[in-house]
Amino acid sequence: MFGIDIAALLAQYGLLVLAIGCLLEGETVLVLAGLAVHQGMLPLPQVFVIAVVFGWLGDQIFFWLGRWKGDAILLRFPSWAKQKPKLDRWIHKYHAPVVVMVRFMYGLRAAGPVLIGHSGLCPWKFAFYNAIGALIWATIFIALGWVFGQAAERILEQINHWGHYVFYVGAVVILVIGLVLWIANRRRTARAVQRAASSEQKRD
């Protein structure tokens, strides 16, 4: 996110960085927080609560921006304005699932809450379904970080266990490839010498 070393910031500032990242809709921050939970660096209950609250709050802010300043925002971002008719149809037909899932929709991650705010949807309905979406979002991405941590540990264990075998096999493969290339080069050189000799004989 913005070229910043999020893992280092999480290690140093922990829950504060998590809160800011979730407020700015940072899935990367949440996955890394899940990894930090797996490693015992951050406590799971606090990580989950902060992710839900600030993930919910971030979309609430974008919703109210769309409700108050939607026209100006759509003028500023024409690509968002192009998506408005489609999202308006979805909202008026299926507002509950759309609000819940908008944070997972490609191309609507930031624009979605703004466009929903501009659509005229009841704020209390948005707040309620947005909370459900934040719960699902936090659960999925924290779990991804946790699973990634388990997978990484298993991979490292296998590397430690099989590392010397991998080294020897790799060394043999490199030697074989080097030998094959050397033989091929010798053959090309021999053929080139033969062609040169034949050309000289023909000229003579």
Side-chain angles (χ1 to χ4, degrees), residues 1-4 6-7 9-10 15-38 42 44-149 151:
M1 193 170 70
F2 308 114
I4 298 171
I6 301 169
L9 288 175
L10 271 174
L15 299 177
L16 175 61
V17 172
L18 174 62
I20 296 171
C22 291
L23 190 66
L24 298 175
E25 316 294 359
E27 284 81 7
T28 302
V29 177
L30 196 51
V31 170
L32 289 173
L35 178 58
V37 168
H38 176 76
L42 293 175
L44 177 59
Q46 287 91 323
V47 166
F48 183 74
V49 170
I50 288 174
V52 172
V53 170
F54 283 87
W56 175 85
L57 182 60
D59 276 14
Q60 289 298 125
I61 291 171
F62 286 121
F63 172 85
W64 284 103
L65 282 173
R67 196 172 180 85
W68 287 335
K69 299 291 183 181
D71 291 336
I73 292 173
L74 294 181
L75 286 173
R76 176 68 179 80
F77 298 100
S79 61
W80 291 13
K82 290 179 182 177
Q83 300 181 76
K84 178 174 167 52
K86 176 177 64 177
L87 193 62
D88 281 349
R89 289 195 300 271
W90 291 352
I91 283 294
H92 288 104
K93 290 180 69 175
Y94 316 106
H95 60 268
V98 172
V99 173
V100 171
M101 300 305 297
V102 72
R103 65 180 66 239
F104 301 99
M105 294 179 183
Y106 179 77
L108 291 172
R109 186 65 187 89
V114 173
L115 296 176
I116 294 171
H118 193 261
S119 72
L121 180 68
C122 171
W124 295 111
K125 285 185 179 179
F126 180 81
F128 175 74
Y129 294 121
N130 182 34
I132 296 174
L135 282 165
I136 296 171
W137 177 77
T139 301
I140 289 174
F141 286 100
I142 290 173
L144 281 174
W146 180 276
V147 170
F148 177 78

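Computed from a predicted structure; not experimentally measured.
Listed here is the closest heavy atom pair of P113 and F62: CB-CB, 3.6 Å. Across I142 and A51, no two heavy atoms sit closer than the pair CD1-CB, 4.3 Å. Shortest non-hydrogen contact noted between V52 and A138 is CG2-CB, 3.7 Å. For W137 against G55, the heavy-atom pair with the smallest separation is CZ3-CA, 3.9 Å. Scanning both residues, L18 and A33, for their nearest heavy atoms gives CD1-CB, 3.7 Å.
No donor-acceptor pair closer than 3.5 Å links the side chain of H118 to the backbone N or O of V114. A donor-acceptor pair under 3.5 Å is formed between the side chain of N130 and the backbone N or O of W56.
Within the model, atoms CG of L57 and CD1 of I50 stand 12.5 Å from one another, a figure rounded to the nearest 0.5 Å. Distance CD1/I61 to CZ/F54: 9.5 Å, rounded to 0.5 Å. The distance from the CG atom of L32 to the CG atom of L144 is 11.5 Å, given to the nearest 0.5 Å. Here the straight-line distance linking atom CZ of F104 with atom CD1 of I136 works out to 6.0 Å at 0.5 Å rounding. A distance of 10.0 Å separates CG in L87 from NE2 in H92, rounded to the nearest 0.5 Å.
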Take L121 and V99 through the test side-chain contact (heavy atoms from CB on, under 4.5 Å) and record every step on the way to the result.
CA-CA 10 Å; L121 180 68; V99 173; 3.8 Å; yes
Stepwise side-chain contact (heavy atoms from CB on, under 4.5 Å) check, H95 with F126:
CA-CA 8 Å; H95 60 268; F126 180 81; over 6 Å; no
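In this structure, I91 and L115 have side chains that are not in contact, with every pair of non-hydrogen atoms separated by 4.5 Å or more. Contact of the I20 side chain with the V29 side chain is not registered, since no non-hydrogen atoms from C-beta on lie closer than 4.5 Å. Proximity of W64 to P123: side-chain heavy atoms (C-beta onward) are separated by under 4.5 Å at one or more points. Inter-residue side-chain proximity for W90 and V102 is flagged as unmet; no heavy-atom pair is nearer than 4.5 Å. In this structure, D59 and F63 have side chains that are not in contact, with every pair of non-hydrogen atoms separated by 4.5 Å or more.
Residue V100 is tested with Y94, F128, Y129 for a side-chain contact (heavy atoms from CB on, under 4.5 Å); the sole match is Y129.
The aromatic rings of H38 and W146 lie perpendicular to each other, with more than 60° between the two planes, well past the 30° mark.
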